[in-house]
Protein chains: 2
Amino acid sequence: MAATLKDVAALAGVSVKTVSNVVNGYAFVKPENRRRVEAALEATGYRPNLSARNLRRGKTGFIALVLPELSIPYFGELAGLVITAARRYDWNVLIEQTQGTRDRERTALTALGPHMIDGAILSPQALAAEDFTGFDRGIPLVMVGEHAVNVPIDHVAIDNVLAARTAVRHLTSLGCRRIAAIGTNPGRGTAALRLEGYRTALREAGMTESPELIVPALEYHRQDGALAMRHLLDLPEPPDAVFCFNDLLAIGALRAAAERGLRVPEDVAIAGFDDAEESAYSIPSLTTIAPDKLAIARTAVDLIHRRVSEDDPFPVQDVQIPFALEIRESTAGRLGLA
Amino acid sequence: MAATLKDVAALAGVSVKTVSNVVNGYAFVKPENRRRVEAALEATGYRPNLSARNLRRGKTGFIALVLPELSIPYFGELAGLVITAARRYDWNVLIEQTQGTRDRERTALTALGPHMIDGAILSPQALAAEDFTGFDRGIPLVMVGEHAVNVPIDHVAIDNVLAARTAVRHLTSLGCRRIAAIGTNPGRGTAALRLEGYRTALREAGMTESPELIVPALEYHRQDGALAMRHLLDLPEPPDAVFCFNDLLAIGALRAAAERGLRVPEDVAIAGFDDAEESAYSIPSLTTIAPDKLAIARTAVDLIHRRVSEDDPFPVQDVQIPFALEIRESTAGRLGLA
DNA sequence: TTGAAAGCGCTAACAC
DNA sequence: GTGTTAGCGCTTTCAA
């Protein structure tokens, strides 16, 4: 069986307190004792029992990461970064998948509590402000991406309006005159923000908005993008550019364009949002908004850590993370010159 | 503060034992008491403290999933399925990323122990048999994919030789005469198996192997595939088909072919392995070996559960999971007919 | 600087 | 059926 503190103490001929002090890096231990404890630690291969430690400390050593689905590239990438960031604080990350349904998001919020986790990072998709009201988990929460407005919860995200505006301005600057948008969705706050950015960019270019060019997407998967794009291409006057609210939609759009024998970007330019790794390798490669995902992950984890460890609470944070417009073949390049 | 069993017991006017019985679904509780306990449970919003429960039970309620990187689509997809499968047993999944380095895989193996997890699912990349010798974790381990031979550890995977052979036979049946392979790698057992399948299929088609058509890949990322493919296309006599040892390599190969202005599959057919979701949407879509990932995840989790819960140990298992050859545009189809 | 001992919340053996 | 209680392994007062 695994060695306990007691075993180590017996072997080293000291009390458990001394062993505990050594294990926890307490400075004032007689060198002689320290040596012996370390030897005993080594000999027994001691590992602290986390359940016991956490029970005693009143902490769990875990944070939760609540997201729609790990198989979605953006979330897979983000999860990997969060896990790495959490290791700085010796936290383990519990991943909860909600498929983006409000019901499961609410459940995750309720079921997870102080008894299981020290804090949670939430990437909600459908959660509304009501779901938070009168709701005290007793543990810090930070929302990433989507932002439930009017709820005093820490939030980390890029400036969605500006990012969308930047992407669409890129399209207008290329000379595109009929720019569509794919991805509006009543349930998603970011969809509204991206739409706003799209509209602003059109206005700035002196273009008027055509309602038929704004296409909703229920989910943000590749097939939804393909579907929406086919719809756009069936229009009497199809678009010469499409701004998709995420990369998966854009990948689907790329495919729909190819099916119709259209060249991208010559016949229709396509831009995405998220900078999934696959977007650099699609054919053509995809112009996209690249959020600093590493910064998102680190900031979210750090924020939880500050809330957990600081005694005097600080104001609710709304942190803006930088992003970049990644220009690739689907709008401006030519295959092979990437 | 969160309510404890004691609080609930006091409120219900019964002992903690009775409350514990109700919480744990013990059948023989007087209906009257059960009702009162349930009311008290509801009123206090009681949630069991897992640290305490696990400490007492000598279990942790966690299993580890050790894999190279969540941002690799195959692993992101697998992780999602494992998490879902683990919920059947009320297990939470701890994900450990190793970047596929032997060092970090070994560390994960050593650092994780009975004090933290009840079992582990391992998707090793570089681990050698030596790393396991004389190594008793005291917790069940199951390897997924790669198999360290000569180590008595449960293993779940598809028949790699047969799968590779099936893919390459598909290429020979299409009339390809000069079939390359991308992905050999001395550190990976599956690479050797897939190479063996490749060779068998060539032999069965009466073709002789050309050493210059077998290209190694250090990593299995998109860029490694592109690199290897460029190398192949620079050959005096380039291949008319390429079998890549995973989909990411194939995606990279697709791109390298496009850069040279080659048509796929007309000029060169390309097949992959893994059936990453993006492979159905690449242009052209990718013919690939599709392992039953859901079965892999479920089988691995079930196996750990059996080892944890059964008292009399059963023999080491080597479970074969079914796979399918997914024929798409990159070998046989034409864009738009998918 | 170190030891003894209490107790975190829970389960289960034992008594009734 | 239900109550009492010992301890799971750890941290942390409190004394020494």
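Every chain is numbered from 1 and lettered A, B, ... according to where its sequence line falls, protein lines coming before strand lines.
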Whole angstrom value for the distance that separates [atom2] of [N] from [atom1] of [X]:
{"X": "B:N21", "N": "C:dC10", "atom1": "CG", "atom2": "C1'", "answer": "13 Å"}
{"X": "A:K6", "N": "C:dA4", "atom1": "NZ", "atom2": "P", "answer": "12 Å"}
{"X": "A:L5", "N": "C:dA4", "atom1": "CG", "atom2": "C1'", "answer": "15 Å"}
{"X": "B:E32", "N": "D:dT2", "atom1": "CD", "atom2": "C1'", "answer": "14 Å"}
{"X": "A:R56", "N": "C:dC10", "atom1": "CZ", "atom2": "P", "answer": "16 Å"}
{"X": "B:K59", "N": "D:dG9", "atom1": "NZ", "atom2": "P", "answer": "14 Å"}

Does [X] have a side-chain nitrogen or oxygen under 4.0 Å from the phosphate oxygens OP1 or OP2 of [N]?
{"X": "A:T18", "N": "C:dG3", "value": "yes"}
{"X": "B:N24", "N": "C:dT11", "value": "yes"}
{"X": "A:S15", "N": "C:dG3", "value": "yes"}
{"X": "B:N33", "N": "D:dG1", "value": "no"}

Side chain of [X] only, heavy atoms from C-beta on: which candidate in [options] is closest?
{"X": "A:V14", "options": "C:dG3, D:dT2, D:dT11", "answer": "C:dG3"}
{"X": "A:Y46", "options": "D:dG1, C:dG9, D:dC10", "answer": "D:dC10"}
{"X": "B:N49", "options": "D:dT2, D:dC10, C:dC10", "answer": "C:dC10"}
{"X": "B:R53", "options": "D:dG9, C:dT11, C:dT2", "answer": "C:dT11"}
{"X": "B:L55", "options": "D:dT4, D:dC8, C:dC10", "answer": "D:dC8"}
{"X": "B:R57", "options": "C:dT11, C:dC10, D:dG9", "answer": "C:dT11"}

What I want to check is whether the side chains of B:T60 and B:N54 have a donor and an acceptor closer together than 3.5 Å.
no
Have B:Q99 and B:T101 got a donor and an acceptor in their side chains that come within less than 3.5 Å?
no
Would you mind classifying the nucleic acid contact of [X] as base, sugar-phosphate or nothing, using non-hydrogen atoms under 4.0 angstrom?
{"X": "B:N54", "result": "nothing"}
{"X": "B:K17", "result": "base"}
{"X": "B:V16", "result": "base"}
{"X": "A:S20", "result": "base"}

Check the pair B:Y46 / B:D7 against side-chain contact (heavy atoms from CB on, under 4.5 Å), numbers first and verdict last.
CA-CA 9 Å; B:Y46 172 79; B:D7 300 331; over 6 Å; no
Looking at A:Y220 versus A:Y74, is the centre-to-centre ring distance below 6.0 Å?
no
Give me the ring orientation class for B:W91 and B:H305: parallel if the planes are under 30° apart, tilted from 30 to 60°, perpendicular past 60°.
perpendicular
